[in-house]
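Data first, discussion second: the structure below is written as structure tokens.
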Amino acid sequence: MVAAAATSAFFPATTSSSSYSSKKPENLDTRGISLSKKPSSSSGGLKVKANAQAPPKINGTTVNFPQSTDDEAVTTPPPRTFINQLPDWSVLLTAITAMFLAAEKQWTLLDWKPRRPDMLVDPFGLGRIVQDGFVFTQNFSIRSYEIGADRTASIESLMNHLQETALNHVKVAGLLGDGFGSTPEMSSRDLIWVVTKMQVLVDRYPSWGDVVQVDTWVSSSGKNGMRRDWLVRDSNTGETLARASSVWVMMNKITRRLSKIPEEVRREITPYFRECAPIVEEDGRKLPKLDDSTANYVRSGLTPRWNDLDINQHVNNVKYIGWILEGAPLSFLENHELSGMILEYRKECGIDNVLQSLTAVCNDATGLAQDGGKVECAHLLRLESGPEIIRGRTTWRPKHANNSGTLDQIPAENN
């Protein structure tokens with residue numbers, strides 16, 4: 001009996017009194033196989049359904065749902081309501097997102113060049129050009145790795161900020177070519193900028209977490225030079241922290257010889273020149289030449305590392321400052337801080353060079369007392385083979401008010 005019931009559930013027989021044989025079960029698998037045979041005069045026809053199920057029952061009563069005939073697919077769409085008439089918002093959102101991503105990619109790859117002074121705004125967050133297109137300004141947050149033993153930013157950190165703003169100025173102005181600050185016309189002629197003189201005055205060193213604002217601009221310097229000035233201020237109070245002025249000339253990166261400014265390059269950069277006096281009054285005193293007999297301290301065996309080179313394959317000018325300071329004794333550095341320096345760059349330095357750093361104290365005890373305890377030193381950075389790299393002069397002040405800065409703190413003997 002059970003077998004008969006199961007058989008009848010999968011292979012129901014057609015009768016004249018039942019209409020279920022002509023109806024499609026509710027859970028019919030559409031992958032089922034329908035076998036039809038034309039009705040004969042004696043049997044009335046046989047239809048076989050695969051994966052069919054018995055009609056559902058509710059409280060013992062069989063429930064029949066209206067179905068289409070066996071030989072036709074169910075194509076009646078669901079009734080239209082307010083819900084299924086709404087658009088597919090997920091598809092619309094996906095399309096909008098794709099449009100924004102494509103626009104962002106195109107904007108990033110765009111060779112952005114300003115057309116008017118009021119358009120000189122950096123879209124990449126590197127700073128902006130102000131004052132009718134002549135001054136570039138950028139903010140820096142002093143990071144923990146930029147401070148030294150004095151809990152303030154080192155002179156190298158400040159110099160790196162100056163260099164960064166100079167390059168970003170050229171980039172935002174749309175003049176950056178394939179080189180370290182070179183313009184497109186310079187790059188096509190294998191020309192690069194090299195610094196010949198740098199003068200820096202530091203009133204106060206910022207501390208960790210301070211935000212400094214660096215302003216920079218360029219001017220002409222003689223017939224074949226360019227002067228770049230910087231002003232460093234506290235972005236919150238406007239207090240002046242440091243000022244710097246530098247002179248740059250062009251050099252052929254293939255021959256390593258100085259070059260005149262080509263007219264095509266001059267037309268390219270002259271519109272950005274701001275004719276004004278240097279922000280630091282030039283110290284016209286001649287820098288002394290040191291040797292082993294006139295130097296108080298000599299540090300030998302200084303060698304460049306690979307990471308000290310810039311993309312022009314010579315030592316970055318900021319690295320020279322660290323080598324100069326290594327010529328001073330530790331006892332001097334512990335009690336004084338650098339307040340000013342003048343550097344004259346005479347020759348570039350490569351990865352295979354070995355250098356010496358020479359330092360001499362220029363003040364005597366009388367001069368220190370009259371100048372508030374300040375100390376002045378002369379410096380020479382040279383190759384061990386003889387040629388000079390940099391001549392310099394630095395000014396130092398006591399780190400604390402109760403520090404008299406006397407010569408007793410500075411050993412006079414040679415190392």
Side-chain angles (χ1 to χ4, degrees), residues 135-138 140 142 146-148 150 152-169 181 193-207 210 212-219 221 225-234 239-249 276-288 310 315-328 332-333 336-346 357 359 362 371-372 374-381 389-399:
V135 178
F136 177 80
T137 182
Q138 181 175 357
F140 294 91
I142 303 302
E146 295 178 319
I147 64 174
D150 299 328
T152 58
S154 64
I155 184 63
E156 290 104 322
S157 296
L158 290 182
M159 296 300 294
N160 281 326
H161 292 165
L162 303 188
Q163 181 174 274
E164 182 71 7
T165 52
L167 292 175
N168 287 338
H169 184 189
W193 289 112
V194 291
V195 59
T196 61
K197 187 174 183 179
M198 176 76 71
Q199 187 170 354
V200 182
L201 295 177
V202 182
D203 296 329
R204 180 175 70 83
Y205 288 90
S207 302
D210 289 347
V212 298
Q213 176 181 322
V214 182
D215 298 341
T216 184
W217 56 92
V218 291
S219 306
S221 177
M226 178 185 72
R227 190 185 79 241
R228 179 174 284 277
D229 293 341
W230 292 272
L231 174 63
V232 184
R233 293 177 291 178
D234 187 301
E239 173 193 1
T240 297
L241 303 179
R243 294 167 290 153
S245 185
S246 61
V247 177
W248 301 72
V249 294
C276 59
I279 194 171
V280 179
E281 184 178 355
E282 185 176 1
D283 188 338
R285 293 179 296 168
K286 185 177 180 179
L287 297 179
D310 58 28
V315 174
N316 190 294
N317 65 83
V318 177
K319 180 60 181 179
Y320 294 136
I321 299 173
W323 284 335
I324 286 176
L325 299 184
E326 288 186 30
F332 178 74
L333 298 177
H336 295 79
E337 68 177 6
L338 183 68
S339 60
M341 67 179 180
I342 302 174
L343 303 176
E344 289 183 357
Y345 297 82
R346 296 175 175 267
S357 179
T359 301
C362 301
D371 200 18
K374 289 185 178 181
V375 179
E376 202 170 69
C377 298
H379 302 272
L380 175 65
L381 194 64
I389 301 297
I390 291 180
R391 287 188 188 184
R393 180 188 293 116
T394 57
T395 306
W396 303 77
R397 58 176 171 247
K399 288 184 178 178

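Computed over heavy atoms, backbone and side chain alike; hydrogens, waters and symmetry mates excluded. Keep in mind that this is a model prediction, so the values were computed, not measured.
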Checklist entry - Only one of Arg228, Glu164, His161 forms a side chain to side chain donor-acceptor pair (under 3.5 Å) with Thr216, so which one is it? => result Arg228

Checklist entry - Hey, is the main chain of Thr152 close enough, under 3.5 Å, to the side chain of Asp150 for a donor-acceptor pair? => result no

Item to check | From CA spacing to verdict: side chain to side chain contact (heavy atoms under 4.5 Å, CB included), Ile324, Leu343 | outcome: CA-CA 10 Å; Ile324 286 176; Leu343 303 176; 3.5 Å; yes

Checklist entry - Within a strict 4.5 Å, meaning less than it, do heavy atoms of the Thr240 and Leu231 side chains meet? => result yes

Next on the checklist: Do Asn168 and Gln138 pair up side chain to side chain, a donor and an acceptor below 3.5 Å, judged on atom types alone?
Outcome noted: yes

Next on the checklist: Run Arg397 and Ser339 through side chain to side chain contact (heavy atoms under 4.5 Å, CB included) and show every step you take.
Outcome noted: CA-CA 6 Å; Arg397 58 176 171 247; Ser339 60; 3.0 Å; yes

Checklist entry - Under a 4.5 Å cut-off applied to non-hydrogen side-chain atoms, are Asp283 and Arg393 in contact? => result yes

Item to check | Straight-line distance of Leu162 CG to Leu167 CG, nearest 0.5 Å | outcome: 11.5 Å

Checklist entry - Any idea which heavy atoms bring Ser219 and Cys276 closest together, and the distance? => result OG-SG, 4.1 Å

Checklist entry - Would a 4.5 Å heavy-atom cut-off, applied to side chains only, mark Ile147 and Ile142 as touching? => result yes

Item to check | Contact summary for Thr359 and Cys377, nearest pair of heavy atoms | outcome: CG2-CB, 4.2 Å

Next on the checklist: Within this structure, what is the OH-NZ distance for the pair Tyr345 and Lys197, rounded to the nearest 0.5 Å?
Outcome noted: 12.5 Å

Item to check | Spacing of CD belonging to Gln213 relative to CZ belonging to Phe140, to within rounding of 0.5 Å | outcome: 11.0 Å

Checklist entry - So do the side chains of Ile279 and Trp230 get within less than 4.5 Å of each other, counting heavy atoms only? => result no

Next on the checklist: Strictly distance-based, threshold 3.5 Å: is any side-chain N or O of Ser245 a donor or acceptor partner for the main-chain N or O of Gln199?
Outcome noted: no

Next on the checklist: Quick check: do Asp234 and Arg204 have side-chain heavy atoms less than 4.5 Å from each other?
Outcome noted: yes

Item to check | From CA spacing to verdict: side chain to side chain contact (heavy atoms under 4.5 Å, CB included), Ile390, Trp323 | outcome: CA-CA 10 Å; Ile390 291 180; Trp323 284 335; over 6 Å; no

Next on the checklist: We want to know whether Trp248 and Ser246 form a side-chain donor-acceptor pair, criterion being a heavy-atom distance below 3.5 angstrom.
Outcome noted: yes

Next on the checklist: Rounded to the nearest 0.5 Å, what separates atom OG in Ser154 from atom CG in Asn160?
Outcome noted: 8.0 Å

Checklist entry - So do the side chains of Ile389 and Tyr320 get within less than 4.5 Å of each other, counting heavy atoms only? => result yes

Checklist entry - More than 12 foreign heavy atoms under 6.0 Å from CD of Glu281: is that the case here? => result no

Next on the checklist: Please enumerate all residues that pass salt bridge (Lys or Arg N to Asp or Glu O under 4.0 Å) together with Arg243, with sequence neighbours excluded.
Outcome noted: none

Item to check | Side-chain heavy-atom pair Pro206, Leu158 within 4.5 angstrom cut-off | outcome: yes

Checklist entry - Looking at CG of Leu381 and CZ of Arg346, how far apart are the two atoms once the value is rounded to the nearest 0.5 Å? => result 12.5 Å

Checklist entry - Rounded to the nearest 0.5 Å, how far does CG of Leu241 lie from CG of Leu201? => result 13.0 Å

Item to check | Electrostatic pair Arg285:Glu376 at N-O distance under 4.0 angstrom | outcome: yes

Next on the checklist: Going by the rule salt bridge (Lys or Arg N to Asp or Glu O under 4.0 Å), which residues pair with Asp210 if we only count those two or more places apart in sequence or in a different chain?
Outcome noted: none

Next on the checklist: Could you report the tightest heavy-atom contact between Leu333 and Lys399, atom names first, then the distance?
Outcome noted: O-NZ, 2.8 Å

Next on the checklist: Is any side-chain heavy atom of Glu239 closer than 4.5 Å to one of Asp203?
Outcome noted: no

Next on the checklist: Walk me through whether Glu337 and Val202 qualify under side chain to side chain contact (heavy atoms under 4.5 Å, CB included).
Outcome noted: CA-CA 10 Å; Glu337 68 177 6; Val202 182; over 6 Å; no

